[in-house]
Every structure is written in C-alpha cells, then in structure tokens.
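This report concerns only the one structure given below.
Since the model is a prediction, treat every value here as computed from it, not as a measurement.
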Amino acid sequence: MKWGSLVFDPILTPVIGWQAALWLAAVVALLALVVVAFSLWRGLRGAWWRGAAMALIALALAGPGLERGTARPLSDIVLLVDDRSASQSLPGRREQADAALTQAEEQLAQLPGTEIRRITVDDSEDGTLLGAALTRAIAEEPANRLSGVVVFSDGLAHDGNAVPVDAPAPVHLLQTGMPDDWDRRIVVDEAPRFALIGEPVTIRLHIADEGAVPDAANGPTQLRVNLDGEEINSIAVTPGTQVELPVTFEAAGPNVLQLSLDDQPDELTTINNRMALTVNAVRDRLRVLLVSGEPNPGERTWRNLLKSDANVDLIHFTILRPPEKFDGVPVNELALIRFPTEELFMERIRNFDLIIFDRYRMRGILLPQYYDNIRRYVEEGGAILVSAGPEFAGVESISRSALGEILPGRPSGRLIDAPFTPRLTDDGRRHPVTESLPGAPPESGTVEPGESWGRWLRMVEAFPTPDSTIAMIGEGNRPLLMLRRQGEGRVALIASDQVWLWGRGFEGGGPQLDLMRRVAHWSMKEPELEEEALELGTGPALTLHIARRSLEDVDAPAIVIGPDGSETEVALQEEQPGRYAATHNVGSPGLYTVRHGELRRTIAIGPASPREFNRTVANPAELAGLIESSGGSVQRLSDGIPDLRMVDEGRATEGQGISGNWIGIFARNAETVTGLSRSPVLPGWAWLMLIAGTMLTGWLIEGRRRF
C-alpha cells in the first residue's frame, strides 16, 4: 500500500500474508480507539498514553517506510517543419526559409538540453499536406517534452481539415513571401466531362486576382481557347466576372481544351494562367439507314447486327416487291404506309451517320437527284457502306448512278462463282479494321478448308480506284474489301454478299460480327479505327506514351512540344505492322503537344496548372486556428528573422526586443525516474523503545508518580 512517498509493508506479511497483516494492524488501531474512549468514560488517568501505546503497536505492525526515487532530466524537443512544396519555389521564398531555418538551428544548438526534430513536407499529388505532417509529428512526441513547433512555409496547406485543433506547445509560422505579391489565375466553375458530338456545351469560368494587384492589371485580359493545339476562340475577360464559353466538339473521343491568359508583369507565376480540360465527345445515338434490295440471307445479318446495339437507331428501307413484277395489284394497295423516300434522301439525310446499301439495284424507286444528294452527303462528312451481290455487276448497279464517282471500286461486269478463302493484304494487316481479326490465314501458302476462315462462294470483280485501300482479297487475289476517303466522308465496299456464311459456321466460319462492326464503325469515323492516327497516353512518373498508326512505313521521329515551347524529338519503334510507339519521360507536369507529320495531339500530364499553383499568395489562414489555440504567432520573414528564446510556461511567446522580434518556446524541465529506494521510518528496536517508553509513561501517570 502506497500513499505518496509513504509506503506500508506489514511486518507479519511473511507469516500470515500481506492482506491479513494489514487487517491485524487496523484491528489493533481500532482497539486503541476503544481503550481511549473507555478510559475517558471511566475517568482513568493515562488514557491517552495507553491509547498512544496501542496506536504505536498498530503502526509498527503496518510497517511504514519511505520510498525515494532517483530522476534524470530529459531534453526539450523542438519541431522544425520545413515546407519544400512547389509553391515554396516561387521567387525568394526558398531563400527566406533556408536563412530562417539555419538561424533557428544555430540558436537551438546553443540551448542546453534541447533536441531538434526536422520534418520536411514535399510535394504530393494532392498538394501541400501540411496539416497531416503537423498532426503526425506532434503525435509522435511526448507532450511533456514538446517545447515548441516552428513552421517555415507560405502557409498554403491543401489539407486544412487535417490541421490539429491544438498543440501542447506554441506553434509559430515563419511566413515566406512579400507583402506586394500578387497573382492571376483561371478558375473553372463548371465544365462537362462528356459532350455530344455536334452539340454545343457551356464551360463557366472566371479570372481570379489575388494579393496586391497593381492598377495596370485591373483592365480586361485576353482569354484564348485552343482545341488539340488549334485556336478556336479568343475573348476579352474582366477579372472577377463569370464567363460562359460555348464549345462544340466534332471529333469523337477525348478532346483536350486549353485555356490560356496573357501573362502579366510581376506576377508570382504564369503557370496558373493556363488550364487544360479533357472532354470526351460521344455520339448521342448512331443513326443508320439500311437500304436493302433483293431479299437475301445477308440482309438479316446486317439487321441483327445493328439492332443488337442499343446505341444504334436503325431505319430499314427494303423492297419486298420489285416494280417490274406486274400482277395487276393497284399501287395504292401494296403498302399501308407510304415510305418517305424524299424526306429521307433529300431533307433528313444529314441526320444519318451511316447509309448501308445491301444488294441494292437501281429500279427507279430512288430518283437520280437522290443519288446525287447522297454523294454530296458523303463529301460533306457522311458515310456509305455497300455490300455488293450479283446486281452490282449488272446494268442496274448503283455504280452507274452518281454514287459511282465516290465508290472505292468499279465493277468489271464479271461475277465469279467459285469458292475462295478471304485473305488480308499487307495494308489489311496494318489497317485497324482488319489488322487483328482472329483466325486470319497466313500471308502465303495454301490454306485447307477448316484450318482458317471458312470459304465464301461468290464475289464480284471490281477495279479499285487509285486512292482506295484494299484490306482483303478474294478469289485470284481480286479486291474484296475496299475502303476510301471521299472529301470529308468515308465509303466502304464489300465485293461479295457471302459474309453471312461465316455467321452460319460454314467450314468453321469466321469473324463475321467483328468485321461488319469494324467496317461500319470505321465508316462513322470512330477514333480507334482511324488508319492514320496519333494517340497519346500517360503513365507513372510523368511518362508520356505515344502511339502512331499508319499504312505507310514510319521513319520520322515524333516532335514533343513542352509547356515552355521547347521541342524534343522522340524516335518511334514498330511494335507490329502499322503500329509504332514510344515512351518519353517529360520531367515536369503541364500541357504537351505531340506532332508527327500533319497529325497533332495535345495531352495534359499531371495538372496543366498543378494544385500547388492554384493559389500562390502566402496566407496563414489554414494554420490560424492551431496557432491561436496553442499560443503561437505568425511572423513574416520579409520583416526579418525573429530570434528564438526559451520561456516558462504561461509567459508570452512573442515580443519585440532591441535586436528585433522574437518567438518563445517552453522550458519543459521534464524528468524520468531511473531508480527507487525504500527504507523503514524507524528500525525495529526504535519501535520497541518508543512503545515501551509510552507504556511506562502511562503506567507512571496512572500510579500518580511524577518525574
């Protein structure tokens, strides 16, 4: 049992146990009270002496002793938090912080019994995590030894919620920066991540000024808008006023929109004068018009393919009864609803993304001006896919209409009825439409039925135009799949109506759905099927991935243009036929443009304006609550480096002396116990003499004897 430094170790503990011995001492003490009370009631002399003797016996049985400890003084701990984030690299700040940090370390080294803990806060993807660093550093140190915390920073923390509410010692901020610092930046208030092709979207933004803005910079500034490296707009913007910026995207896939301001003199940084937004442009729904001629097994194949895609709106125009069939049935009784040919092929043709002619022949149903309008539709950006059967080789072939000018091949008039296995050409092994079709036969050698793709049984002989791409060949190496760019649009020609045999599994079948889907999507300009394309991607550690697709051999390097306008050549390596790639470490975040030939793409690696530079003017607001609750202070290093002093707890922790400002840290004087010693209050013989003397005194008083 312990009471302060006084401990009790009953002397009878080895005999009857500690608890019983302690109870015995308590019983004797209680008897002493009873004896005193009885003696006083009877009026006996020496009552107090008799009680004192019994109390001494109880105390001796309890075994009182004194416990003493030996202690060793502990050093005081001071945390020096060094902010080395990107915002500290702005002009003058790093030098201010280094000078103040060096002086603090020198002064602390002269204080006896003081330890320094240096914490460095570097950059992260989420900005300056100063709050998390402070929380972790304070929690790791004993509260009774923490003398103070000194933060060397501009005060710009991006994890304000993680800043501690309080600290057991004063927290001081030695703030970098200058009083006349100012900065201008682009702030995007609202921007879509997705947009519909051809539909305008609105980006809302404003220009924010911060700090001591000079009078010369108060007027409007020029905002430039670039899309994939090409300027599409330029407007004058007044700082502080919200701007609505309409943008229309015409290309599917990621579109990089770059916003930039004119640089102003004496700004802290111009990095945040640029902003990059990536908007993924998609089609609302693909609108396809399927025009079928003579009913055939391939007709249902096309229909099933298009109907299975939820993103496709299909209109199917088919001829079930040709005009040359004379059976006496009045024309007004042949259909319940008149098909709107004029509306489709004249008025609303540009609403379609693709028109498919499946074994269609000219029978007078579509007027000549309709074909001419379809040709203009292609030249202005539309797409046509022709699946040709025997009718393509006859006198009613659509190649004899105005469409013949844009088709990638002209029929010779010869129909080839012979089985053949479709093969890929050299261009076909490079073209995205056919390059990776599964089960493709080898480039040379004889292929037995069932070893590769199944055979087709019929094709139309056609002569390709000089500017068309032959992706597949058939019997006698004749062109089977021809692709052509015409004006702004695309035209594809399959010189056979036998692709449905693959879907039926004839002789093992083939990649019917893959081929048909790719041809259709290439016609509609899907980015992943562009044969001449430049694609950019990012990887870890600021890595830029460059991918180049081409039907030609690529020898020239890609040109990488950095945020500062510098150009770097990057050699491309062939990964497979038609595909070239390279990886390049850019070294710093920002907007990068890659140019190869006439192709040009832009990508943002990391943020074009990193979070560190969203706000750059020094501000202690995020740390203000912690500094106030801990009793610390904010000192601007532009006013000079304050001295560091040791003060007692409860005293002021900042002030001004003869040499300038000073900040204080607590003198903790903490100790740790290194050992304990225990000794009895009195030795045994002393207890016996004291008890005996007390009893004798009481007996003499009771016998009325005096000394």
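Counting only distance, with no hydrogens or angles, the side chain of Thr128 and the backbone of Leu130 share no donor-acceptor pair below 3.5 Å. In this structure, the side chain of Glu267 engages the main chain of Arg184 through a donor-acceptor pair within 3.5 Å. Looking at Asp181, its side chain does come within 3.5 Å of a backbone N or O of Met178 through a donor-acceptor pair. Judged by distance alone, the side chain of Thr135 and the main-chain N or O of Ala162 form a donor-acceptor pair under 3.5 Å. The backbone N or O of Asn614 sits less than 3.5 Å from a side-chain atom of Arg185, completing a donor-acceptor pair. Between the side chain of Ser147 and the backbone N or O of Phe666, at least one donor-acceptor pair lies under 3.5 Å.
Annotation: Glu598, atom CD; neighbour count of heavy atoms from other residues, nucleotides and ligands within 6.0 Å does not exceed 12. The local environment of CD in Glu575 is crowded, with over 12 non-hydrogen atoms from other residues, nucleotides or ligands closer than 6.0 Å. Taking a 6.0 Å sphere around CG of Asn144, one finds it holds more than 12 heavy atoms contributed by other residues, nucleotides or ligands. The number of heavy atoms from other shown groups lying within 6.0 Å of CG (Asp180) is above 12.
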Show the numbers, then the answer: is there a side chain to side chain donor-acceptor pair (under 3.5 Å) between Gln264 and Asn273? CA-CA 9 Å; Gln264 299 294 323; Asn273 288 0; over 6 Å; no

Arg117 and Glu140: CA distance, side-chain angles, deciding distance, salt bridge (Lys or Arg N to Asp or Glu O under 4.0 Å) verdict: CA-CA 11 Å; Arg117 300 278 195 274; Glu140 288 176 352; over 6 Å; no

Check the pair Ile665, Val647 against side chain to side chain contact (heavy atoms under 4.5 Å, CB included), reporting the backbone distance first and the verdict last. CA-CA 6 Å; Ile665 56 176; Val647 299; over 6 Å; no

Tyr592 and Thr538: CA distance, side-chain angles, deciding distance, side chain to side chain contact (heavy atoms under 4.5 Å, CB included) verdict: CA-CA 11 Å; Tyr592 288 83; Thr538 60; over 6 Å; no

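Looking at Thr593 and Thr602, their side chains do bring a donor and an acceptor atom within 3.5 Å of each other. Under 3.5 Å, the side chains of Asn280 and Asn255 contain no donor-acceptor pair of N or O atoms. Neither side chain, Thr202 nor Glu244, offers a donor N or O lying under 3.5 Å from an acceptor on the other. In this structure, a donor-acceptor pair under 3.5 Å is absent between the side chains of Glu530 and Trp522. Side-chain contact, Gln222 with Ser234: a donor N or O sits under 3.5 Å from an acceptor N or O. In this model, a donor atom of one side chain and an acceptor atom of the other lie less than 3.5 Å apart for Ser85 and Asp83. In this structure, a donor-acceptor pair under 3.5 Å is present between the side chains of Glu115 and Ser75. Side-chain atoms of Gln88 and Thr176 form a donor-acceptor pair, as typed in the model, at a separation below 3.5 Å. Side-chain contact annotation: His206 with Asp189, donor-acceptor N/O pair under 3.5 Å present.
Across Leu146 and Pro168, no two heavy atoms sit closer than the pair CD2-CG, 3.8 Å. Ile138 and Ala167 get closest at one heavy-atom pair: CD1-CB, 4.0 Å. In terms of heavy-atom proximity, Gln103 sits nearest to Ile641 at NE2-CG2, 3.4 Å.
In this structure the side chain of Leu544 reaches within 4.5 angstrom of the side chain of Ile546, judged on heavy atoms. The shortest distance between side-chain heavy atoms of Gln635 and Ser633 falls below 4.5 Å. Contact check for Val243 versus Ile207: no side-chain heavy atoms found under the 4.5 Å cut-off. Using a 4.5 Å heavy-atom threshold, the side chains of Pro192 and Ile203 count as touching. No side-chain heavy atom of Val81 sits under 4.5 Å from any side-chain heavy atom of Val150. Between Leu245 and Val225, some side-chain heavy-atom pair lies under the 4.5 Å cut-off. Leu623 has its side chain out of reach of Val171: every pair of non-hydrogen atoms, C-beta onward, lies at least 4.5 Å apart. Side chains of Thr543 and His584 form no contact here, defined as non-hydrogen atoms less than 4.5 Å apart.
With respect to the salt-bridge test (charged N to carboxylate O, under 4.0 angstrom), the residues Arg600 and Glu230 do not qualify. The pair Asp154-Arg93 counts as a salt bridge, with a side-chain nitrogen and a carboxylate oxygen less than 4.0 angstrom apart. Under 4.0 Å is where a charged nitrogen must lie from a carboxylate oxygen, and between Arg84 and Asp98 at least one such pair does.
Partners of Arg224 by salt bridge (charged side-chain N to carboxylate O under 4.0 Å, His left out), not counting sequence neighbours, listed by chain and number: Asp262.
Pairs engaging residues 631-652 under the salt bridge (Lys or Arg N to Asp or Glu O under 4.0 Å) rule: Glu649-Arg668 [sequence neighbours left out].
When each of Arg548, Arg549, Arg430 is checked for a salt bridge (charged side-chain N to carboxylate O under 4.0 Å, His left out) with Glu532, only Arg548 meets the rule.
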